[in-house]
Amino acid sequence: MLNPNSLEARDIESVIHPYTNLDRHREVGPLVIDRGEGCYLYDADGKEYLEGVAGLWCTALGYGEKELVKAATEQMEKLSFSHLFLGRSHGPVIELAEKLKELSPVDTARVFFVGSGSGANDTAIKLIWYYNNAIGRPEKKKIIGRMKAYHGVTVASASVGGLPINHTDWDVPLPGFLHTECPHHYRVAEPGESHEDFATRMAEMLEQLILRAGPDTVAAMFAEPVQCAGGLIVPPETYFPKIQAVLKKYDVLLVADEVITGFQRTGEYWGCQTFDMQPDMITCAKALSSAYLPIGAVTVPSYMHDAMIDQSTKIGSLGHGNTYAGHPVCAAVALRTLEIYEERNILDHVRSVIPAFQERLATFADHPLVGEARLGAGLMGGVELVEDKATKQAFDPKRIIGLKTLEACQKHGLMVRAIGDVLALCPPLIITEAQIDSLFDRFSAALDDIEKTEV
Ligand SMILES: Cc1ncc(COP(=O)(O)O)c(C=O)c1O
């Protein structure tokens with residue numbers, strides 16, 4: 001019985017938790033986190049947890065980074081708020097936009113700022129619609145997403161996403177959003193199908209979808225380089241080149257959702273570079289500010305920007321934007337984050353620890369509970385737990401094996417993410433090799449516990 005004055009009891013009485021079983025939460029209550037430092041979190045009782053999932057795939061520089069605290073404090077003291085409406089601007093947002101243009105691997109004429117990953121994808125969808133209206137293609141509006149994709153929770157970003165939990169009883173997807181197959185070889189490939197043949201089949205399925213919908217009505221496809229919230233799904237090597245050939249054929253834009261994969265996570269600065277994508281637009285958030293403050297961004301190519309200028313002439317103004325778009329404190333912290341990535345050679349560091357991370361991850365393929373160890377995504381990976389390794393038979397979802405494994409990890413002082421029965425790992429980019437070892441030792445102990453108690 002909880003003390004009614006405890007934080008746990010007060011949470012149960014007052015907070016609605018996203019992505020939580022609200023009924024179970026009334027019984028088990030929250031895990032109250034008190035503070036963080038580097039790659040570690042500490043709960044209200046002082047118990048230490050190694051951060052295995054960078055918060056929500058976002059705390060790239062870990063916790064308690066003094067430089068970012070300083071950047072926020074200084075900016076807040078100087079100019080705590082200023083907006084971008086009606087042509088107003090400020091130094092941090094200008095410098096941040098310039099920096100993102102420099103870092104972008106694709107044609108980026110301008111950058112549009114938002115407050116989240118969902119907001120970035122929502123804005124990208126609207127800009128694509130606006131663009132096609134501007135250039136006289138009002139029919140070309142349909143947006144393609146993929147099954148198990150996650151692009152956020154606004155009405156449009158949830159529509160392009162393909163996770164049942166974001167659709168069931170939420171009255172989305174909206175009409176005009178189509179979904180193609182998820183490129184997960186382990187679960188979706190036909191018996192004996194090679195990765196190459198599977199990628200070819202995925203591209204053929206996409207083409208069939210576009211032809212059925214009518215190519216003149218299809219505007220864009222959204223894709224995460226690695227489908228993270230869908231269960232850490234790493235596409236076959238030739239998937240994106242094959243997909244892009246189809247998109248080009250029918251003049252369909254490609255948006256790379258880099259909300260998780262951006263900023264060095266995969267061992268290149270952008271996930272699209274690792275996975276051979278040449279997107280028309282990039283959406284990003286999370287590690288843009290190392291999650292110290294909420295900010296997201298959309299890169300806008302020259303041809304789209306030209307059309308937006310024409311629209312402004314015709315309509316009088318760009319009718320889109322949030323109060324907090326390009327918030328000066330968020331922008332100052334994001335700018336400092338990007339500077340720190342360079343000053344500390346975070347990309348080189350990530351590349352130096354990826355082999356250790358991937359090697360330890362690969363060893364879990366032999367664990368009796370593991371159906372697939374999801375390799376090849378840089379400093380990010382997952383393991384799928386199955387009832388029967390040979391037949392790939394999943395556990396009955398009612399047994400909540402993934403959630404129980406997450407709880408066992410927490411018992412062993414490790415934060416992970418459970419996506420059904422997939423356990424996802426995505427530590428801060430600053431993690432050391434010794435900490436990677438500790439992460440997998442704790443993970444292994446948790447899996448062994450589950451094997452003893454659940455199998
Ligand atoms: C690939 C991807 N896109 C978009 C989002 C949504 O971002 P946010 O939660 O900041 O709205 C997420 C969140 O995890 C994500 O993983």
Side-chain angles (χ1 to χ4, degrees), residues 16-20 53-60 112-126 143-163 165-167 170 172-173 177 179 182-184 220-235 240 254-263 265-266 270-272 274-275 277 279 281-299 322 324-325 327 330 333-334 337 374 377-382 415-420 422 424-426:
I16 295 178
H17 288 266
Y19 292 102
T20 300
V53 73
L56 278 175
W57 337 76
C58 52
T59 56
F112 196 95
F113 290 101
V114 292
S116 66
S118 303
N121 289 317
D122 205 79
T123 288
I125 292 164
K126 288 185 70 183
I143 305 283
I144 297 179
R146 297 180 296 173
M147 290 167 196
K148 293 198 174 179
Y150 187 66
H151 298 291
V153 292
T154 60
V155 173
S157 63
S159 291
V160 68
L163 285 171
I165 197 165
N166 298 123
H167 291 170
W170 290 106
V172 292
F177 286 84
H179 296 87
C182 157
H184 187 196
M221 175 170 175
F222 278 62
E224 305 150 79
V226 176
Q227 286 184 237
C228 301
L232 227 299
I233 295 157
V234 185
F240 277 114
L254 175 63
V255 180
D257 179 341
E258 297 262 12
V259 169
I260 289 180
T261 51
F263 309 102
R265 172 63 60 190
T266 62
W270 301 97
C272 63
T274 304
F275 291 93
M277 295 169 82
M281 302 169 83
I282 287 177
T283 56
C284 62
K286 297 199 189 248
L288 170 57
S289 64
S290 191
Y292 276 69
L293 283 174
I295 182 164
V298 184
T299 69
N322 313 101
Y324 297 141
H327 190 290
C330 303
V333 168
T337 301
R374 313 262 222 263
L379 203 48
M380 187 166 53
M415 290 298 185
V416 296
R417 176 86 194 265
I419 303 163
V422 178
L425 296 165
C426 178

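Everything quoted here is computed from the prediction, not taken from an experiment. In each ligand, atom 1 is the first atom listed, and ligand 1 is the first ligand listed.
- Heavy-atom contacts from other residues, nucleotides or ligands closer than 6.0 Å to CZ of Phe177 number more than 12.
- A donor-acceptor pair under 3.5 Å is absent between the side-chain atoms of His327 and the main chain of Ile295, judged by distance alone.
- If you check the side chains of Asn121 and Tyr150, you find no donor sitting under 3.5 Å from an acceptor.
- Using a 4.5 Å heavy-atom threshold, the side chains of Val298 and Met281 count as touching.
- Residues lining ligand 1 at a heavy-atom distance below 4.0 Å are given as Ser116, Gly117, Ser118, Asn121, Tyr150, His151, Gly152, Glu224, Asp257, Val259, Ile260, Lys286, ordered by chain and residue number.
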Please report the C-alpha distance between Asn166 and Val172 in whole Å, then the side-chain angles of each, then the deciding distance to 0.1 Å, and finally whether the side-chain contact (heavy atoms from CB on, under 4.5 Å) criterion is met. CA-CA 8 Å; Asn166 298 123; Val172 292; 5.7 Å; no
side-chain contact (heavy atoms from CB on, under 4.5 Å) evaluation trace for Arg417 with Trp57: CA-CA 9 Å; Arg417 176 86 194 265; Trp57 337 76; 3.4 Å; yes
